[in-house]
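Down below is the structure, laid out as C-alpha coordinates.
Naming convention: chains lettered A, B, ... in sequence-line order (proteins, then strands); numbering from 1 in each chain. The figures here come from the full heavy-atom set of this structure, side chains too, leaving out hydrogens, waters and symmetry mates.
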Amino acid sequence: MAATQEEILEGLAEIVNEIAGIPTEDVEREKSFTDDLDVDSLSMVEVVVAAEERFDVKIPDDDVKNLKTVGDAVDYILKHQG
Amino acid sequence: MNATNRTVVVTGIGATTPLGGDATSTWEALLAGRSGVKPLEGERYEELPVRIAAPAAVDPAEVLPRPVARKLDRSAQFALIAAREAWSDAGFTGPAAEDDDSVGVCAERLGAVIASGIGGVTTLLDQYDVLKEKGVRRVSPHTVPMLMPNGPSANVGLEVNARAGVHTPVSACASGAEAIGYAVEMIRTGRADVVVAGGTEAAIHPLPIAAFANMMAMSKNNDDPEKASRPYDTARDGFVLGEGAGVVVLESAEHAARRGARVYCEVLGQGLSADSHHIAQPEPSGRGIATALRNLLESTDLKPNEVVHLNAHATSTPQGDVAEIKALRNVLGDDLDHIAISGTKSMTGHLLGGAGGVETVATVLALHHRTAPPTINVDSLDDDVDADIVRGEARPLPEGTIAAINNSFGFGGHNVVLAFRRD
(Lines give C-alpha, C1' and ligand atoms only; values in the text may rest on other atoms or scores of the structure.)
Protein backbone atom coordinates (compact mmCIF):
# COMPACT_ATOMS: atom_id res chain seq x y z
CA MET A 1 0.00 0.00 0.00
CA ALA A 2 1.32 3.39 -0.98
CA ALA A 3 2.47 5.74 1.77
CA THR A 4 0.56 8.96 2.44
CA GLN A 5 2.19 12.37 2.30
CA GLU A 6 2.31 12.43 6.13
CA GLU A 7 3.92 8.98 6.28
CA ILE A 8 6.55 9.99 3.76
CA LEU A 9 7.40 13.17 5.68
CA GLU A 10 7.64 11.16 8.89
CA GLY A 11 9.85 8.56 7.21
CA LEU A 12 12.16 11.19 5.73
CA ALA A 13 12.41 12.86 9.13
CA GLU A 14 13.57 9.59 10.67
CA ILE A 15 16.09 9.06 7.86
CA VAL A 16 17.51 12.59 8.19
CA ASN A 17 17.68 12.16 11.95
CA GLU A 18 19.63 8.94 11.54
CA ILE A 19 22.06 10.40 9.00
CA ALA A 20 22.52 14.02 10.09
CA GLY A 21 21.35 13.95 13.70
CA ILE A 22 18.69 16.62 13.12
CA PRO A 23 15.66 16.25 15.46
CA THR A 24 12.73 14.74 13.54
CA GLU A 25 10.42 17.66 14.39
CA ASP A 26 12.81 20.03 12.58
CA VAL A 27 12.53 18.12 9.31
CA GLU A 28 9.75 20.17 7.68
CA ARG A 29 8.54 20.48 4.08
CA GLU A 30 10.14 23.86 3.40
CA LYS A 31 13.57 22.96 4.84
CA SER A 32 16.52 22.70 2.46
CA PHE A 33 18.54 19.51 2.88
CA THR A 34 21.84 21.34 2.33
CA ASP A 35 21.21 24.71 3.95
CA ASP A 36 18.98 23.76 6.88
CA LEU A 37 19.51 20.09 7.68
CA ASP A 38 23.27 19.59 7.45
CA VAL A 39 22.86 17.05 4.63
CA ASP A 40 25.78 17.52 2.22
CA SER A 41 25.91 15.99 -1.26
CA LEU A 42 27.39 12.73 0.05
CA SER A 43 24.90 12.38 2.86
CA MET A 44 22.10 13.19 0.36
CA VAL A 45 22.99 10.00 -1.46
CA GLU A 46 22.48 8.13 1.80
CA VAL A 47 19.12 9.83 2.33
CA VAL A 48 18.06 8.87 -1.19
CA VAL A 49 19.11 5.23 -0.84
CA ALA A 50 17.36 4.93 2.51
CA ALA A 51 14.21 6.52 1.04
CA GLU A 52 14.31 4.18 -1.96
CA GLU A 53 14.32 1.18 0.36
CA ARG A 54 11.69 2.48 2.69
CA PHE A 55 9.18 3.66 0.07
CA ASP A 56 9.88 1.21 -2.76
CA VAL A 57 10.82 3.94 -5.20
CA LYS A 58 13.70 4.50 -7.61
CA ILE A 59 15.28 7.95 -7.57
CA PRO A 60 17.77 8.21 -10.47
CA ASP A 61 20.91 10.33 -9.85
CA ASP A 62 19.69 12.88 -12.41
CA ASP A 63 16.55 13.49 -10.37
CA VAL A 64 18.37 13.80 -7.02
CA LYS A 65 19.68 17.26 -7.91
CA ASN A 66 16.12 18.54 -8.15
CA LEU A 67 15.30 17.50 -4.61
CA LYS A 68 16.31 20.70 -2.83
CA THR A 69 13.79 20.70 -0.01
CA VAL A 70 12.11 18.03 2.07
CA GLY A 71 8.87 18.96 0.28
CA ASP A 72 10.49 18.25 -3.11
CA ALA A 73 11.42 14.78 -1.88
CA VAL A 74 7.98 14.09 -0.38
CA ASP A 75 6.26 15.05 -3.63
CA TYR A 76 8.70 13.03 -5.76
CA ILE A 77 8.21 9.91 -3.64
CA LEU A 78 4.44 10.36 -3.54
CA LYS A 79 4.35 10.49 -7.34
CA HIS A 80 6.81 7.68 -8.09
CA GLN A 81 6.33 5.12 -5.31
CA GLY A 82 5.61 1.56 -6.38
CA MET B 1 66.64 33.40 14.99
CA ASN B 2 66.06 32.73 11.30
CA ALA B 3 63.05 30.92 9.93
CA THR B 4 64.95 27.72 9.15
CA ASN B 5 66.23 27.26 12.69
CA ARG B 6 63.26 27.85 14.94
CA THR B 7 62.97 26.02 18.23
CA VAL B 8 59.95 23.71 18.39
CA VAL B 9 58.13 22.83 21.61
CA VAL B 10 55.27 20.53 22.67
CA THR B 11 52.34 22.47 24.12
CA GLY B 12 49.52 19.92 24.02
CA ILE B 13 49.01 16.15 24.20
CA GLY B 14 46.10 13.80 23.60
CA ALA B 15 45.63 10.07 23.29
CA THR B 16 43.05 7.34 23.13
CA THR B 17 44.63 3.92 23.55
CA PRO B 18 44.09 0.36 24.74
CA LEU B 19 44.92 1.66 28.22
CA GLY B 20 42.62 4.67 28.44
CA GLY B 21 40.40 7.13 26.61
CA ASP B 22 42.76 10.07 27.19
CA ALA B 23 46.42 10.85 27.80
CA THR B 24 46.13 10.95 31.60
CA SER B 25 44.44 7.58 32.00
CA THR B 26 46.85 6.07 29.47
CA TRP B 27 49.83 7.43 31.41
CA GLU B 28 48.51 6.16 34.75
CA ALA B 29 48.01 2.69 33.28
CA LEU B 30 51.52 2.75 31.79
CA LEU B 31 53.00 3.62 35.19
CA ALA B 32 50.93 0.87 36.82
CA GLY B 33 52.24 -1.66 34.30
CA ARG B 34 48.78 -2.66 33.08
CA SER B 35 48.29 -4.72 29.94
CA GLY B 36 45.63 -3.69 27.43
CA VAL B 37 45.71 -7.04 25.62
CA LYS B 38 42.51 -9.10 25.59
CA PRO B 39 41.06 -12.17 23.89
CA LEU B 40 39.22 -11.42 20.63
CA GLU B 41 35.67 -12.68 21.08
CA GLY B 42 33.29 -13.60 18.31
CA GLU B 43 32.78 -16.07 15.53
CA ARG B 44 34.77 -14.14 12.96
CA TYR B 45 37.97 -14.62 14.97
CA GLU B 46 37.48 -18.32 15.74
CA GLU B 47 39.48 -19.69 12.82
CA LEU B 48 42.43 -17.32 13.23
CA PRO B 49 45.77 -18.49 14.61
CA VAL B 50 45.92 -15.19 16.55
CA ARG B 51 42.89 -14.43 18.74
CA ILE B 52 44.23 -11.62 20.91
CA ALA B 53 44.59 -7.87 20.45
CA ALA B 54 44.69 -4.62 22.41
CA PRO B 55 41.41 -2.83 21.58
CA ALA B 56 40.84 0.80 22.53
CA ALA B 57 39.77 1.15 26.17
CA VAL B 58 36.99 3.56 25.16
CA ASP B 59 34.92 2.94 22.02
CA PRO B 60 35.26 6.11 19.88
CA ALA B 61 31.70 5.69 18.59
CA GLU B 62 30.52 6.31 22.15
CA VAL B 63 32.56 9.51 22.46
CA LEU B 64 31.59 11.18 19.18
CA PRO B 65 28.01 12.12 18.21
CA ARG B 66 26.55 9.50 15.85
CA PRO B 67 26.21 11.74 12.76
CA VAL B 68 29.94 12.56 13.12
CA ALA B 69 31.11 9.03 13.89
CA ARG B 70 29.23 7.39 11.00
CA LYS B 71 31.14 9.44 8.41
CA LEU B 72 34.55 8.65 9.88
CA ASP B 73 36.62 5.50 9.69
CA ARG B 74 37.50 4.23 13.16
CA SER B 75 41.09 5.45 12.64
CA ALA B 76 39.81 8.98 11.96
CA GLN B 77 37.53 8.75 15.00
CA PHE B 78 40.55 7.99 17.20
CA ALA B 79 42.55 10.80 15.58
CA LEU B 80 39.77 13.34 16.08
CA ILE B 81 39.33 12.42 19.74
CA ALA B 82 43.07 12.60 20.49
CA ALA B 83 43.46 15.82 18.47
CA ARG B 84 40.58 17.51 20.33
CA GLU B 85 42.21 16.60 23.63
CA ALA B 86 45.64 17.87 22.52
CA TRP B 87 44.14 21.06 21.07
CA SER B 88 42.31 21.86 24.27
CA ASP B 89 45.33 20.83 26.38
CA ALA B 90 47.39 23.39 24.43
CA GLY B 91 44.97 26.07 25.61
CA PHE B 92 43.07 26.64 22.35
CA THR B 93 39.36 27.19 22.82
CA GLY B 94 38.09 26.85 19.25
CA PRO B 95 39.18 26.45 15.64
CA ALA B 96 41.84 28.84 14.33
CA ALA B 97 40.50 32.18 13.14
CA GLU B 98 40.76 33.32 9.51
CA ASP B 99 42.68 36.57 9.71
CA ASP B 100 43.61 37.30 13.29
CA ASP B 101 44.92 35.14 16.04
CA SER B 102 42.11 35.73 18.52
CA VAL B 103 42.03 31.99 19.26
CA GLY B 104 45.79 31.95 19.71
CA VAL B 105 46.75 30.99 16.17
CA CYS B 106 45.78 32.13 12.70
CA ALA B 107 44.41 29.47 10.32
CA GLU B 108 47.03 30.28 7.68
CA ARG B 109 49.78 29.51 10.22
CA LEU B 110 48.28 26.23 11.44
CA GLY B 111 49.02 22.77 10.03
CA ALA B 112 47.93 19.19 10.65
CA VAL B 113 50.02 16.07 10.05
CA ILE B 114 48.31 12.85 11.12
CA ALA B 115 49.49 9.50 9.80
CA SER B 116 48.27 5.95 9.78
CA GLY B 117 49.99 2.82 8.55
CA ILE B 118 47.05 1.23 6.73
CA GLY B 119 44.36 3.89 6.50
CA GLY B 120 40.66 3.02 6.56
CA VAL B 121 41.10 -0.71 6.16
CA THR B 122 38.00 -1.70 8.12
CA THR B 123 35.88 0.69 6.04
CA LEU B 124 37.22 -0.86 2.85
CA LEU B 125 36.57 -4.40 4.05
CA ASP B 126 33.16 -3.63 5.54
CA GLN B 127 32.00 -1.85 2.38
CA TYR B 128 33.19 -4.78 0.28
CA ASP B 129 30.94 -6.95 2.42
CA VAL B 130 28.08 -4.49 1.74
CA LEU B 131 28.79 -4.65 -2.00
CA LYS B 132 28.68 -8.46 -2.02
CA GLU B 133 25.71 -8.86 0.31
CA LYS B 134 23.49 -5.87 -0.51
CA GLY B 135 24.63 -4.61 -3.89
CA VAL B 136 26.17 -1.56 -5.53
CA ARG B 137 23.52 0.94 -4.51
CA ARG B 138 24.14 0.31 -0.81
CA VAL B 139 27.88 1.06 -0.85
CA SER B 140 28.27 4.17 1.30
CA PRO B 141 29.03 7.44 -0.52
CA HIS B 142 31.37 8.17 2.40
CA THR B 143 33.55 5.14 1.58
CA VAL B 144 36.36 7.01 -0.20
CA PRO B 145 36.80 9.83 2.33
CA MET B 146 36.67 7.19 5.06
CA LEU B 147 39.21 4.77 3.61
CA MET B 148 41.74 7.24 2.24
CA PRO B 149 44.86 7.24 4.45
CA ASN B 150 44.79 11.05 4.61
CA GLY B 151 41.24 10.94 6.01
CA PRO B 152 42.31 11.31 9.67
CA SER B 153 44.65 14.17 8.79
CA ALA B 154 42.03 15.94 6.69
CA ASN B 155 39.37 15.58 9.38
CA VAL B 156 41.68 16.90 12.09
CA GLY B 157 42.62 19.77 9.76
CA LEU B 158 38.93 20.60 9.26
CA GLU B 159 38.32 20.43 13.01
CA VAL B 160 40.97 23.02 13.89
CA ASN B 161 40.81 24.98 10.60
CA ALA B 162 44.40 24.23 9.51
CA ARG B 163 45.33 26.04 6.29
CA ALA B 164 49.14 26.05 6.30
CA GLY B 165 49.10 22.45 5.06
CA VAL B 166 47.60 19.08 5.92
CA HIS B 167 49.84 16.06 5.33
CA THR B 168 50.00 12.31 5.75
CA PRO B 169 53.35 10.53 5.62
CA VAL B 170 52.95 6.77 5.23
CA SER B 171 55.73 4.46 6.39
CA ALA B 172 53.95 1.54 8.04
CA CYS B 173 54.75 1.42 11.75
CA ALA B 174 56.99 4.50 11.54
CA SER B 175 54.15 6.64 10.14
CA GLY B 176 53.15 8.36 13.40
CA ALA B 177 56.73 9.33 14.20
CA GLU B 178 57.33 10.47 10.64
CA ALA B 179 54.25 12.70 10.94
CA ILE B 180 55.69 14.34 14.03
CA GLY B 181 59.05 14.79 12.33
CA TYR B 182 57.33 16.34 9.31
CA ALA B 183 55.44 18.72 11.59
CA VAL B 184 58.68 19.77 13.28
CA GLU B 185 60.10 20.67 9.87
CA MET B 186 56.97 22.66 8.96
CA ILE B 187 57.55 24.84 12.00
CA ARG B 188 61.33 24.94 11.76
CA THR B 189 61.25 26.08 8.13
CA GLY B 190 58.65 28.75 8.85
CA ARG B 191 55.69 27.19 7.01
CA ALA B 192 53.60 27.12 10.19
CA ASP B 193 53.62 28.32 13.79
CA VAL B 194 51.48 25.52 15.20
CA VAL B 195 50.97 21.96 13.91
CA VAL B 196 48.70 19.22 15.26
CA ALA B 197 50.63 16.00 14.67
CA GLY B 198 50.46 12.33 15.47
CA GLY B 199 49.44 8.85 14.42
CA THR B 200 46.35 6.69 14.45
CA GLU B 201 45.38 3.14 13.55
CA ALA B 202 42.31 0.93 13.63
CA ALA B 203 43.05 -2.43 12.06
CA ILE B 204 41.63 -5.00 14.45
CA HIS B 205 39.78 -7.11 11.88
CA PRO B 206 40.21 -10.73 10.77
CA LEU B 207 41.93 -9.84 7.47
CA PRO B 208 44.84 -7.73 8.76
CA ILE B 209 45.27 -10.18 11.63
CA ALA B 210 45.32 -13.17 9.27
CA ALA B 211 47.82 -11.36 7.04
CA PHE B 212 50.19 -10.34 9.83
CA ALA B 213 49.87 -13.79 11.39
CA ASN B 214 50.80 -15.43 8.09
CA MET B 215 53.94 -13.29 8.03
CA MET B 216 54.74 -14.95 11.38
CA ALA B 217 54.98 -11.47 12.88
CA MET B 218 52.37 -11.85 15.63
CA SER B 219 52.31 -13.48 19.03
CA LYS B 220 50.15 -16.61 19.17
CA ASN B 221 49.97 -16.61 22.94
CA ASN B 222 46.18 -16.87 22.88
CA ASP B 223 46.05 -18.60 26.25
CA ASP B 224 47.66 -15.78 28.19
CA PRO B 225 46.84 -12.47 26.42
CA GLU B 226 48.32 -10.15 29.04
CA LYS B 227 51.64 -11.96 28.77
CA ALA B 228 51.71 -12.03 24.96
CA SER B 229 53.50 -8.73 24.32
CA ARG B 230 56.90 -9.23 25.97
CA PRO B 231 59.70 -7.21 24.38
CA TYR B 232 63.24 -8.36 25.29
CA ASP B 233 62.01 -11.53 27.00
CA THR B 234 63.44 -14.83 25.75
CA ALA B 235 59.89 -16.19 25.18
CA ARG B 236 58.76 -13.31 22.92
CA ASP B 237 57.05 -14.58 19.77
CA GLY B 238 55.78 -11.53 17.91
CA PHE B 239 53.75 -8.37 18.34
CA VAL B 240 50.17 -7.92 19.53
CA LEU B 241 47.98 -5.65 17.42
CA GLY B 242 46.71 -2.54 19.21
CA GLU B 243 44.56 0.39 18.10
CA GLY B 244 44.10 4.05 18.98
CA ALA B 245 45.80 7.38 18.43
CA GLY B 246 48.32 9.73 19.98
CA VAL B 247 48.50 13.40 19.01
CA VAL B 248 50.64 16.34 20.10
CA VAL B 249 50.41 20.06 19.45
CA LEU B 250 53.79 21.35 18.28
CA GLU B 251 54.55 25.03 18.23
CA SER B 252 57.44 27.39 17.65
CA ALA B 253 58.91 28.32 21.02
CA GLU B 254 58.47 31.97 20.17
CA HIS B 255 54.77 31.54 19.37
CA ALA B 256 54.19 29.51 22.54
CA ALA B 257 55.91 32.17 24.66
CA ARG B 258 53.90 34.95 23.02
CA ARG B 259 50.58 33.39 23.99
CA GLY B 260 51.83 32.23 27.38
CA ALA B 261 51.33 28.54 26.61
CA ARG B 262 52.46 25.79 28.98
CA VAL B 263 55.46 24.01 27.46
CA TYR B 264 56.02 20.29 28.12
CA CYS B 265 59.40 20.06 26.44
CA GLU B 266 61.43 20.96 23.38
CA VAL B 267 61.45 18.76 20.26
CA LEU B 268 65.08 18.73 19.19
CA GLY B 269 64.45 17.09 15.86
CA GLN B 270 64.55 13.80 14.05
CA GLY B 271 66.92 11.31 12.50
CA LEU B 272 65.76 9.39 9.44
CA SER B 273 67.12 6.52 7.38
CA ALA B 274 66.10 3.49 5.35
CA ASP B 275 67.43 -0.06 5.70
CA SER B 276 67.22 -0.99 2.03
CA HIS B 277 67.51 -4.59 3.17
CA HIS B 278 64.15 -6.41 2.95
CA ILE B 279 60.52 -5.39 2.53
CA ALA B 280 59.50 -6.65 5.97
CA GLN B 281 62.50 -8.13 7.84
CA PRO B 282 64.56 -5.88 10.09
CA GLU B 283 68.22 -5.63 9.11
CA PRO B 284 69.73 -7.82 11.87
CA SER B 285 72.76 -5.68 12.74
CA GLY B 286 70.63 -2.54 13.19
CA ARG B 287 72.69 -0.70 10.54
CA GLY B 288 69.81 1.49 9.36
CA ILE B 289 68.68 2.31 12.87
CA ALA B 290 72.25 3.32 13.75
CA THR B 291 72.33 5.63 10.75
CA ALA B 292 69.11 7.31 11.88
CA LEU B 293 70.55 7.80 15.37
CA ARG B 294 73.76 9.30 13.96
CA ASN B 295 71.72 11.60 11.74
CA LEU B 296 69.80 12.72 14.82
CA LEU B 297 73.01 13.47 16.74
CA GLU B 298 74.54 15.31 13.77
CA SER B 299 71.50 17.43 12.97
CA THR B 300 70.65 18.51 16.53
CA ASP B 301 72.56 19.76 19.56
CA LEU B 302 71.53 16.67 21.52
CA LYS B 303 74.41 15.30 23.58
CA PRO B 304 74.33 11.55 24.28
CA ASN B 305 75.07 12.12 27.97
CA GLU B 306 71.85 14.17 28.32
CA VAL B 307 69.71 11.23 27.20
CA VAL B 308 68.21 9.49 30.25
CA HIS B 309 65.23 7.74 28.71
CA LEU B 310 64.34 5.99 25.47
CA ASN B 311 60.94 4.74 24.37
CA ALA B 312 62.02 1.83 22.19
CA HIS B 313 60.27 0.51 19.10
CA ALA B 314 60.47 -2.93 20.80
CA THR B 315 57.49 -4.72 19.26
CA SER B 316 58.27 -8.09 20.89
CA THR B 317 59.54 -9.76 17.73
CA PRO B 318 62.58 -12.04 18.12
CA GLN B 319 64.77 -10.19 15.56
CA GLY B 320 63.64 -6.57 15.78
CA ASP B 321 64.07 -6.03 19.51
CA VAL B 322 67.71 -7.13 19.42
CA ALA B 323 68.62 -5.22 16.23
CA GLU B 324 67.42 -2.00 17.87
CA ILE B 325 69.53 -2.57 21.00
CA LYS B 326 72.60 -3.39 18.87
CA ALA B 327 72.18 -0.12 16.99
CA LEU B 328 71.83 1.86 20.22
CA ARG B 329 74.99 0.29 21.67
CA ASN B 330 76.83 0.83 18.42
CA VAL B 331 76.09 4.56 18.28
CA LEU B 332 75.83 5.54 21.95
CA GLY B 333 78.53 3.28 23.38
CA ASP B 334 78.85 3.54 27.16
CA ASP B 335 76.27 6.36 27.20
CA LEU B 336 73.63 3.68 26.67
CA ASP B 337 74.30 2.50 30.24
CA HIS B 338 72.57 5.56 31.78
CA ILE B 339 69.51 5.42 29.49
CA ALA B 340 66.36 3.92 31.02
CA ILE B 341 64.72 2.02 28.16
CA SER B 342 60.96 1.41 28.16
CA GLY B 343 59.08 -0.88 25.80
CA THR B 344 55.56 0.43 26.25
CA LYS B 345 54.19 -1.87 23.54
CA SER B 346 54.37 -4.53 26.27
CA MET B 347 51.25 -2.80 27.61
CA THR B 348 49.59 -1.03 24.65
CA GLY B 349 50.31 -3.64 22.00
CA HIS B 350 51.57 -2.36 18.66
CA LEU B 351 49.44 0.46 17.26
CA LEU B 352 51.24 0.34 13.87
CA GLY B 353 50.92 3.85 12.43
CA GLY B 354 49.48 5.03 15.74
CA ALA B 355 52.53 3.85 17.70
CA GLY B 356 54.75 6.85 16.97
CA GLY B 357 51.98 9.18 18.13
CA VAL B 358 51.13 7.33 21.33
CA GLU B 359 54.78 6.72 22.19
CA THR B 360 55.64 10.37 21.61
CA VAL B 361 52.92 11.26 24.10
CA ALA B 362 54.43 8.68 26.51
CA THR B 363 57.95 10.07 25.96
CA VAL B 364 56.82 13.66 26.52
CA LEU B 365 55.02 12.64 29.71
CA ALA B 366 58.05 10.65 30.90
CA LEU B 367 60.14 13.83 30.67
CA HIS B 368 57.34 15.95 32.13
CA HIS B 369 56.87 13.70 35.17
CA ARG B 370 60.55 12.60 35.23
CA THR B 371 59.44 8.99 35.29
CA ALA B 372 60.16 6.14 32.89
CA PRO B 373 57.28 3.68 32.50
CA PRO B 374 58.04 -0.01 32.95
CA THR B 375 58.39 -2.75 30.37
CA ILE B 376 56.16 -5.57 31.55
CA ASN B 377 56.54 -9.32 31.01
CA VAL B 378 60.35 -9.35 30.93
CA ASP B 379 60.59 -12.48 33.04
CA SER B 380 63.78 -13.71 31.41
CA LEU B 381 65.86 -10.99 29.74
CA ASP B 382 67.40 -12.01 26.42
CA ASP B 383 71.20 -12.22 26.77
CA ASP B 384 71.56 -10.21 23.56
CA VAL B 385 69.79 -7.24 25.15
CA ASP B 386 72.81 -5.40 26.49
CA ALA B 387 70.99 -2.34 27.85
CA ASP B 388 69.21 -0.99 30.92
CA ILE B 389 65.60 -2.05 30.41
CA VAL B 390 63.12 -0.61 32.92
CA ARG B 391 61.58 -3.88 34.09
CA GLY B 392 58.55 -4.42 36.28
CA GLU B 393 58.14 -1.00 37.86
CA ALA B 394 58.33 2.63 36.73
CA ARG B 395 61.59 4.38 37.54
CA PRO B 396 62.32 8.02 38.45
CA LEU B 397 64.46 10.04 36.02
CA PRO B 398 67.12 12.54 37.17
CA GLU B 399 66.58 16.22 37.96
CA GLY B 400 68.05 18.96 35.77
CA THR B 401 68.20 19.10 31.98
CA ILE B 402 67.24 15.71 30.57
CA ALA B 403 66.52 14.36 27.11
CA ALA B 404 64.63 11.37 25.73
CA ILE B 405 64.45 9.55 22.40
CA ASN B 406 61.47 7.86 20.77
CA ASN B 407 62.22 5.19 18.16
CA SER B 408 59.83 3.99 15.46
CA PHE B 409 60.57 1.63 12.58
CA GLY B 410 58.31 0.34 9.83
CA PHE B 411 57.93 -2.45 7.30
CA GLY B 412 59.69 -1.21 4.21
CA GLY B 413 62.80 -0.41 6.24
CA HIS B 414 61.80 3.05 7.47
CA ASN B 415 63.63 4.33 10.56
CA VAL B 416 62.53 7.42 12.48
CA VAL B 417 64.05 8.60 15.74
CA LEU B 418 62.75 11.68 17.54
CA ALA B 419 64.44 13.55 20.39
CA PHE B 420 62.93 15.68 23.17
CA ARG B 421 64.52 17.70 25.97
CA ARG B 422 63.43 19.69 29.02
CA ASP B 423 65.21 21.83 31.59
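- Only the side chain of A:Glu53 comes within contact range of chain B, judged by heavy atoms closer than 4.5 Å.
- Taking a cutoff of 4.0 Å between a charged side-chain nitrogen and a carboxylate oxygen, B:Arg137 and A:Asp61 qualify as a salt bridge.
- The candidate from A:Ile19, A:Asp38, A:Asn17, A:Val45 with the greatest count of non-hydrogen atom pairs under 4.5 Å with chain B is A:Ile19.
- Pairing each heavy atom of A:Leu42 with each of B:Pro141, the nearest pair is O-CG, 3.1 Å.
- Per-residue counts of heavy-atom pairs under 4.5 Å with chain B were compared for A:Ala20, A:Ser41, A:Ala50; the largest is that of A:Ala20.
- Interface residue B:Arg70: only side-chain heavy atoms are found under 4.5 Å from chain A.
- Atom NZ of A:Lys79 is surrounded by 12 or fewer heavy atoms from other residues, nucleotides or ligands within 6.0 Å.
- With a 4.5 Å cut-off on non-hydrogen atoms, A:Ser43 touches chain B through its backbone and its side chain both.
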